[in-house]
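To start, the structure under review is shown below, and the notes come after it.
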Amino acid sequence: MTVSRGPPGRPAASSGCLGCWRRRPPLGFGAKVTIAIALGLSFAIVWTSLSPTSSSQQISTERSSFAADIVDPPPASHNHTATTTTTAAAGGGHRKPRPTTSRSHKKRHPPAGSHPHRPNATASPDSTPANADHAVQSKPAEPEPEPGTELEEEEVEQDQEEKEAELPMPEESGDGKAPEEESEKAPELELDELSEGDGYGEEAEEGQKKAPKKTKKQPPLFSSSAHYHWKHCGAKSGHHYIPCVDFDGDGSQRHRERSCPRLPATCLVSMPKEYKPPAPWPERKEKVWYGNIGHPRLSSYVKGHGWLNRTGDYLMFPPDEWEFKGGSRHYVEAIDEMAPDIDWGKNIRVVLDIGCKSAGFGVALLEKDVITLSLGLTNDQTDLAQVALERGIPATVGSLGSKRLPFPSGAFDAIHCGDCNIPWHSNGGKLLLEINRILRPGGYFIISSKHGDLESEEGISASMTAICWNVIAYNSDDVSEAGVKIFQRPPSNDEYDLRAKKDPPFCKEDQNKAPAWYTLIRHCLHKAPVGIEERGSEWPEEWPKRIETFPEWLGDLQTRVEADHKHWKAVVEKSYLDGLGIDWSNIRNVLDMRAVFGGFAAALASKKVWVMNVVPVHAPDTLPIIYERGLIGVYHDWCEPFSTYPRSYDLLHADHLFSRLNNRCKQPVSIVVEMDRILRPGGWAIIREKLEILDPLEKILKSLHWEIVMAFRKDKAGIMSVKKTTWRP
């Protein structure tokens, strides 16, 4: 009897199923090959669907590796072109070989409740699609790019993201009423690449072992298919409209504190009919074209103040005349005699001038190599801060109210308030506590009054005593007819500990670390740093050594700040000053829209310009480092309008600003509208971005009739040098 066996592992078949299981003949060679190919294709399809998209593998022009020296860019290849509206000189260099890298991918999610919206736009004849070859076709020929306009070390952008992830991030304070976007957690930086020698050690090794994670693809920041048709902001919105300050734009009503519209502004602010570009520096500090800044309230103010002289079409600022008699130079010299330890331009470098008027105090200190930031108050309807900006003097707009000023703690070496008539002692002395927060331990507070008797201001002496400020000098000057009193904040906590009454109390740890953005001023006293590893425990080096000194309290950031300084110095010297077609003789007011360590501003420190460094509130908090280097800046959220007047700046610098937003702004196109508002006609913008952002951004700028002077693309990143025109819809 024949027994039929089933396959291995199965019982033998019953007699009723004889023949059901038969031994199959072996597969042929061709069948095996076919099965292997099918399995290989299936694996490839699965791997492709799970691997990160190309958009997550960011290649950027932002900065070269912190672990390597800056090298000259290579010559342009036949696959990449750069065209300019001016004749480009051929040039190039050799690129440093790219090191072996390990990759790690982290999933990035947009903040809850924040989502992009396509701008409401209609077809416009001015909107032209981006060229397929990613080049600005302004000439039939393809000249070689300027030396230095090539992109340096695009592949190491992810190194910078990894390093930024280690920086201190702003913490939520829960104080004040912030916009919806600000109540969200700061988005996580996406880490795509770690290069060898970056100093991360075990973290880098773990990154090599980990398998790539699936990355959620973000929607495009700007729609490539959108067309833009621009309109004016309306009849009530004047030439001086500040969206978060003015109710309706004509200056008749203003918010007591910063309050932005619910919907981002996408309209264009009108321009004065008789607008003219400012005169080159230093001529512009002595006279400005009145048609650029004039309005009825300013005209009335000029008539009542002799130190302002309107001559024909110009507003003149005689150097020997000021709001105090004798002029600003005599005023500063009087302070020198009262307090010789105030060594302007060396010991004292960064000063805040509260209650901006003529900005004469800042002009006088410029001669002593001191940078003075004038704070124009929102209740000043004569817009004297705009006059200061037109003169080329650093200024910003803010309010002394219930919320903190947008500066880090211990930022300023000295703070000045000349006849500003601010009730420092009111509301429990909260305004004075805010000044104590932003003044460096050991720094000076200079207050003056035309009345010559500061003691008559009720409660001010008691408030100063409560916070242990010492009066180091007091004098009534016969020439200026002003009473000047100089206070000094204690450099340590010893005097605070000796107080009989601990009022105000010390701030708690979480209140010390709270960000200065929509944060309520608390009735508490900020302690002075104690340990040598803390910023502010020691006074910085004298200027100008200060800008290139990287103190030990920086810790691991010390080498990175130094590398950032060298990087931007090379970029500015080799590319920006000569390779972008910019006439720097007409540049005075500069805005760095995404400053990190202030390297760009430091590279321009020897030029006749000043730079406002903006640290976005969702980015790592590096603004204290910028102030420590003797530079100035503010915190800001670019999803909202900036606190300044229209046409304030001569040049904007946006280094990967848009790609760092992570779709957190509801209408990203409003940032471009804001750039158009704060940049003067004839002003410049340098934009470095990924191509996926740069291409549609170029289309938006063309719809605004901005001139694309130079554009260069390479691989997945690019740089544009653009110029704003006088066009208005």
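The residues of the chain are indexed from 1 along the displayed sequence. Note that the coordinates shown come from a computational prediction; the quantities given were computed from them, not determined experimentally.
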* Pair Asp655 + Arg688: basic N to acidic O under 4.0 Å -> yes

* So do Leu268 and Trp727 actually touch side chain to side chain, heavy atoms under 4.5 Å? -> yes

* State, without any angle test, whether Tyr576 and His653 hold a side-chain donor-acceptor pair at a distance under 3.5 Å. => yes

* Heavy-atom distance under 4.5 Å between the side chains of Val709 and Ile582, does that happen here? -> no

* Apply the test side-chain hydrogen bond (donor to acceptor under 3.5 Å, both in side chains) to residues Arg437 and Ser409: give CA-CA distance (whole Å), side-chain angles for both, the deciding distance (0.1 Å), then the verdict. => CA-CA 5 Å; Arg437 182 186 71 85; Ser409 300; 3.3 Å; yes

* Less than 4.0 Å between a side-chain N and a carboxylate O, is that true for Arg440 and Glu628? -> yes

* After noting the C-alpha distance and the side-chain angles of Trp517 and Asp637, does the key distance pass the side-chain hydrogen bond (donor to acceptor under 3.5 Å, both in side chains) rule? -> CA-CA 9 Å; Trp517 185 252; Asp637 182 359; 4.8 Å; no

* Using the ring of each side chain (for Trp, its six-membered ring), is Phe487 parallel, tilted or perpendicular to Phe445, with breaks at 30° and 60°? -> tilted

* To do: Would you mind reporting whether Trp584 and Lys607 have side-chain heavy atoms less than 4.5 Å apart?
  => no

* Asked: Quick one: are Leu591 and Phe642 in side-chain contact, heavy atoms under 4.5 Å?
  -> yes

* Row check, Trp289 ring normal vs Lys276 NZ/CZ: under 6.0 Å, within 45° -> yes

* To do: Please work out whether the ring planes of Trp230 and Tyr228 are parallel, tilted or perpendicular, with thresholds of 30° and 60°.
  => parallel

* Asked: Quick one: are Leu580 and Trp684 in side-chain contact, heavy atoms under 4.5 Å?
  -> no

* Electrostatic pair Lys287:Glu283 at N-O distance under 4.0 angstrom -> yes

* To do: State whether the number of non-hydrogen atoms from other residues, nucleotides or ligands found under 6.0 Å of Asp478 atom CG is greater than 12.
  => no

* To do: Just say parallel, tilted or perpendicular for the rings of Trp307 and His305, cut-offs at 30° and 60°.
  => perpendicular

* Structure fact -> ring-ring contact (aromatic ring centres under 6.0 Å, His included) test vs Tyr627 passes for just one of Phe412, Phe597, Tyr635, namely Phe412

* To do: State, yes or no, whether a side-chain contact exists between Glu674 and Pro264 at a heavy-atom distance under 4.5 Å.
  => no

* **Whether Arg349 side chain and Gly630 backbone form a donor-acceptor pair below 3.5 Å** => yes

* Asked: More than 12 non-hydrogen atoms from neighbouring residues, nucleotides or ligands closer than 6.0 Å to CD on Glu286, yes or no?
  -> yes

* Determine the interplanar angle of the Trp610 and Tyr649 rings, folded into 0 to 90°, and report it as parallel if under 30°, tilted if 30 to 60°, perpendicular if over 60°. => tilted

* Asked: Do Asp676 and Arg728 sit within salt-bridge range, that is, some charged N less than 4.0 Å from a carboxylate O?
  -> yes

